[in-house]
Amino acid sequence: MWEPLYFLLGKWEGIGSGQPGSGQYIRSYELILNDRFIYGRNKSTYPPQDNNPEGEVHEDWGFISYDKGRKTFVYRQFHVEGFVNQYVMEYLAPDGKEIVFVSESIENIPAGWRAKESYQVISSDEFIETFELAEPGKDFQVYTQCHLRKVT
């Protein structure tokens with residue numbers, strides 16, 4: 001069941017940039033509860049910089065499950081800012097090198113906002129994640145993009 005997402009398991013570090021500026025990323029993903037869920041933790045640290053003078057530390061926890069009824073993966077992400085994003089896997093490339101999750105719902109944000117998480121798998125030890133947001137009635141715009149490498 002976990003084959004398309006198995007590459008995520010482990011600890012990751014990397015760099016990224018976007019609307020909050022340039023920063024450092026630390027991630028971990030592990031199978032939990034009898035291997036029924038993938039649990040992920042993210043901490044992104046953006047030091048003070050011109051476009052973000054106070055800097056920022058973002059954290060989120062996520063849980064990926066497999067919905068047998070819909071035959072797809074669902075990703076629930078809980079953000080330190082109070083947002084809760086529920087994504088469904090929209091696309092899995094035949095070679096497994098691209099995975100796209102699109103939000104079904106987002107809590108604690110005005111109605112109509114959408115989010116997208118895309119993973120470009122470079123190798124079993126490297127991937128690029130792109131996080132995009134769309135205001136109501138508008139197209140997705142990149143909010144952040146990071147390049148992660150597996151450390152364990």
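All values derive from a computational prediction rather than experimental measurement.
The hydrophobic clustering, which links ILVMFWY residues whose side-chain heavy atoms are closer than 4.5 Å, places Ile26 and Leu9 apart. The hydrophobic cluster containing Ile109 does not contain Val88, counting ILVMFWY residues as joined when their side-chain heavy atoms lie under 4.5 angstrom apart, directly or transitively. Hydrophobic clustering keeps Val121 apart from Tyr91 (ILVMFWY residues linked when any side-chain heavy atoms are closer than 4.5 Å, directly or through intermediates). The cluster map of Ile, Leu, Val, Met, Phe, Trp and Tyr, joined by side-chain heavy atoms under 4.5 Å apart, puts Phe140 and Leu133 in different clusters. Placement of Phe101 and Val74 in two distinct hydrophobic clusters is found when ILVMFWY residues are connected by side-chain heavy-atom separations under 4.5 Å, directly or transitively.
Atoms CD and CD, on Gln141 and Glu135 in that order, are 8.5 Å from each other to the nearest 0.5 Å. If you take CD1 on Ile64 and CG on Leu5, they are separated by 5.0 Å, rounding to the nearest 0.5 Å. Taking CD of Glu81 as the start and CD of Glu59 as the end, the distance is 9.5 Å to the nearest 0.5 Å. Here the CZ-SG distance, from Phe131 to Cys146, works out to 11.0 Å after rounding to the nearest 0.5 Å. In this structure, Tyr75 OH and Asn85 CG are separated by 9.5 Å, a value rounded to the nearest 0.5 Å. Here the CZ-CZ distance, from Phe83 to Phe78, works out to 14.5 Å after rounding to the nearest 0.5 Å.
Side-chain atoms of Arg114 do not come within 3.5 Å of backbone N or O of Ser105 as any donor-acceptor pair. No donor-acceptor distance shorter than 3.5 angstrom exists from the side chain of Trp2 to the backbone of Phe37, with no hydrogens or angles considered. A donor-acceptor contact shorter than 3.5 Å links the side chain of Ser103 to the backbone of Ala115. With hydrogens and angles disregarded, a donor-acceptor distance shorter than 3.5 Å links the side chain of Asp67 to the backbone of Gly69.
Looking only at side-chain heavy atoms (C-beta outward), Phe63 and Ile38 stay at 4.5 Å or farther from each other. The shortest side-chain heavy-atom distance between Ser17 and Tyr46 does not fall under the 4.5 Å cut-off. Side-chain atoms of Thr144 and Glu132, non-hydrogen and from C-beta on, never get closer than 4.5 Å to each other. Side-chain atoms of Arg27 and Glu129, non-hydrogen and from C-beta on, do get closer than 4.5 Å to each other. Two residues are said to be in side-chain contact when any heavy atoms from C-beta on lie closer than 4.5 Å; Ser118 and Lys116 meet this criterion. For the pair Glu13 and Leu148, the minimum side-chain heavy-atom distance is 4.5 Å or more.
Across every non-hydrogen atom of Val80 and Val57, the tightest pair is CG1-O, 4.5 Å. Of all heavy-atom pairs between Asn51 and Gly18, the closest is ND2-O, 4.1 Å. Residues Tyr39 and Ile32 share a closest heavy-atom pair of CB-CD1, 3.6 Å. Residue Gly21 comes nearest to Gln49 through the heavy atom pair CA-OE1, 3.3 Å, listed as atom of the first residue, atom of the second, then distance. Ala111 approaches Pro136 most closely through the heavy-atom pair O-CG, 3.4 Å. When all heavy atoms of Pro47 and Ser22 are compared, the closest pair comes out as CD-O, 3.4 Å.
Between Arg41 and Glu30 there is no salt bridge, since none of the side-chain N atoms of the basic residue sits less than 4.0 Å from a carboxylate O of the acidic one.
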Fill in: side chain to side chain contact (heavy atoms under 4.5 Å, CB included) between Ile99 and Met89, worked out
CA-CA 7 Å; Ile99 300 167; Met89 184 182 282; 3.6 Å; yes
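For Tyr119, the ring pair (Phe, Tyr, Trp, His ring centres under 6.0 Å) partners at least two apart in sequence or on another chain are Phe127. Take Tyr66 and apply the ring pair (Phe, Tyr, Trp, His ring centres under 6.0 Å) test, not counting sequence neighbours, and it matches Phe73. Under the ring pair (Phe, Tyr, Trp, His ring centres under 6.0 Å) criterion, His58 pairs with His79, not counting sequence neighbours.
A donor atom on one side chain and an acceptor atom on the other are found under 3.5 Å apart for Ser44 and Asn42. Between the side chains of Glu104 and Tyr87, not a single donor N or O lies within less than 3.5 Å of an accepting N or O. Gln86 and Gln77 form no side-chain donor-acceptor contact under 3.5 Å, judged by distance and modelled atom types alone. Under 3.5 Å, the side chains of Gln145 and Thr130 contain a donor-acceptor pair of N or O atoms.
Open room surrounds CD on Glu3; 12 or fewer heavy atoms of other groups in view lie less than 6.0 Å from it. Other residues, nucleotides and ligands contribute only 12 or fewer heavy atoms inside 6.0 Å of the CD1 atom of Ile15. In Asn108, the CG atom is crowded: over 12 heavy atoms of neighbouring residues, nucleotides or ligands sit closer than 6.0 Å. Annotation for Tyr6: atom OH does not count as buried by contact number, only 12 or fewer foreign heavy atoms lying within 6.0 Å. More than 12 heavy atoms of other residues, nucleotides or ligands shown are found within 6.0 angstrom of NZ on Lys97.
Here the options are His147, Gln120, Lys150, the test is side-chain hydrogen bond (donor to acceptor under 3.5 Å, both in side chains), and the partner is Glu126; only His147 passes.
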